Amino acid sequence: MTQVPMTVVGAQQLREELEHLKHTKRPAISQAIAEARELGDLKENAEYHAAREEQGLCEARVRDIESKLSTAQVIDVTKIPNNGRVIFGATVTILNVETDEEVTYRIVGDDEADLKQRMISVNSPIARSLVGKELDDVVVVKAPGGEVEYEIIEVEYK
């Protein structure tokens, strides 16, 4: 089975969501189903069907999270000595060589990626270009709009 890289924070968020689903949402859905059953005929009972559908979605999400956690390779970048090399979990500040625009990204797993929070997937074109490079290296990223050159100006393991 292939292991999928995940940060400590990402794994913790999934565990918290799983805990919430199992111990808060499941009982609430079971209660809603019980209350809907008391209303009578199940064939035409919209509340019952809605609660059963919500139960199915909840159980699917539980299975999805359990599967992700079972294949996760949790990497704590803070325990790795910083040698200036870009690795999974690193926070990297890059400078667009043409526009002098600086941007900082954290390289995370696919499920953790959130561009609004500047967290990019390890499988994204930018991250693939950066991983393995070192501080002060210039990398060429093949973007949909063409090739863009970036200089790595800071690498943090936090």
Side-chain angles (χ1 to χ4, degrees), residues 1-83 85-94 101-133 139 141-145 148 150 152 154-158:
M1 188 175 280
T2 305
Q3 289 200 315
V4 179
M6 186 177 294
T7 64
V8 173
V9 172
Q12 183 61 34
Q13 288 172 340
L14 283 179
R15 284 189 200 97
E16 288 171 4
E17 183 181 355
L18 184 62
E19 186 77 15
H20 171 75
L21 290 172
K22 284 184 168 181
H23 300 289
T24 304
K25 196 161 185 176
R26 260 186 188 165
I29 292 170
S30 293
Q31 181 65 31
I33 290 172
E35 290 171 4
R37 276 193 177 134
E38 293 173 3
L39 297 176
D41 186 15
L42 297 181
K43 290 180 189 171
E44 297 178 14
N45 188 331
E47 290 86 1
Y48 174 78
H49 292 289
R52 290 292 301 205
E53 185 174 331
E54 186 176 359
Q55 181 183 39
L57 293 172
C58 178
E59 293 306 317
R61 182 64 181 150
V62 166
R63 284 189 305 274
D64 183 46
I65 292 173
E66 287 175 340
S67 172
K68 287 176 182 176
L69 288 173
S70 72
T71 61
Q73 177 186 9
V74 180
I75 298 171
D76 187 354
V77 74
T78 62
K79 295 194 170 116
I80 301 171
N82 188 341
N83 60 4
R85 183 174 294 267
V86 179
I87 60 171
F88 177 86
T91 301
V92 184
T93 303
I94 54 177
E101 180 183 337
E102 274 187 32
V103 65
T104 301
Y105 293 116
R106 180 153 188 224
I107 300 172
V108 297
D110 290 333
D111 293 320
E112 304 169 76
D114 183 355
L115 195 55
K116 290 179 184 174
Q117 293 184 21
R118 299 282 187 206
M119 296 170 65
I120 59 172
S121 167
V122 69
N123 295 314
S124 70
I126 293 176
R128 284 196 311 254
S129 298
L130 293 171
V131 170
K133 303 297 188 286
V139 297
V141 177
K142 293 179 182 171
V148 182
Y150 293 101
I152 301 170
E154 187 174 10
V155 179
E156 298 175 280
Y157 294 1
K158 57 180 181 175

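Model, not experiment: these values are computed from the prediction.
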To the nearest 0.5 Å, what is the distance between [atom1] on [X] and [atom2] on [Y]?
X	Y	atom1	atom2	answer
Leu130	Ile152	CG	CD1	5.0 Å
Arg63	Leu18	CZ	CG	12.5 Å
Asp110	Ser124	CG	OG	9.0 Å
Gln13	Glu112	CD	CD	7.0 Å
Ile87	Tyr157	CD1	OH	4.0 Å
Thr93	Arg118	OG1	CZ	10.5 Å

Would Ile29 and Gln55 satisfy side-chain contact (heavy atoms from CB on, under 4.5 Å), going step by step from the backbone distance to the final call? CA-CA 6 Å; Ile29 292 170; Gln55 181 183 39; 3.5 Å; yes
With the side chain counted from C-beta on, respond yes when Val4 and Lys68 share a heavy-atom pair under 4.5 Å apart, and no when they do not.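 Val4 does not reach Lys68 side chain to side chain.
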Quick one: does Leu57's side chain get under 4.5 Å of Arg61's, heavy atoms only?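 Side chain of Leu57 against side chain of Arg61, heavy atoms only: no contact under 4.5 Å found.
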Is Ser30 reaching over with its side chain to a backbone N or O of Arg26, donor-acceptor style, under 3.5 angstrom? yes
For Arg85 and Gly132, indicate whether the former's side chain and the latter's backbone hold a donor-acceptor pair under 3.5 Å. yes
So which heavy atom on [X] is nearest to which on [Y], and how close?
X	Y	result
Ser70	Ser67	OG-O, 2.8 Å
Ile33	Tyr48	CG2-CE1, 3.8 Å
Thr2	Thr71	O-CB, 3.7 Å
Pro5	Ile75	CB-CD1, 4.1 Å
Val77	Lys158	CG1-O, 3.7 Å
Val155	Asn82	O-ND2, 3.0 Å

So, are Glu156 and Arg106 salt-bridged, with charged N and O less than 4.0 Å apart?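 Answer for the salt bridge query: no.
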Check step by step if side-chain contact (heavy atoms from CB on, under 4.5 Å) holds for Thr91 and Tyr105. CA-CA 6 Å; Thr91 301; Tyr105 293 116; over 6 Å; no
Just checking Glu66: does its CD atom have more than 12 heavy atoms from other residues, nucleotides or ligands closer to it than 6.0 angstrom? yes
Step by step, would you call Thr7 with Met119 a side-chain contact (heavy atoms from CB on, under 4.5 Å)? CA-CA 11 Å; Thr7 64; Met119 296 170 65; 5.7 Å; no
Can you tell me if Glu35 and Gln31 form a side-chain donor-acceptor pair at under 3.5 Å? yes
Do Gln12 and Glu16 have a side chain donor and acceptor closer than 3.5 Å? yes
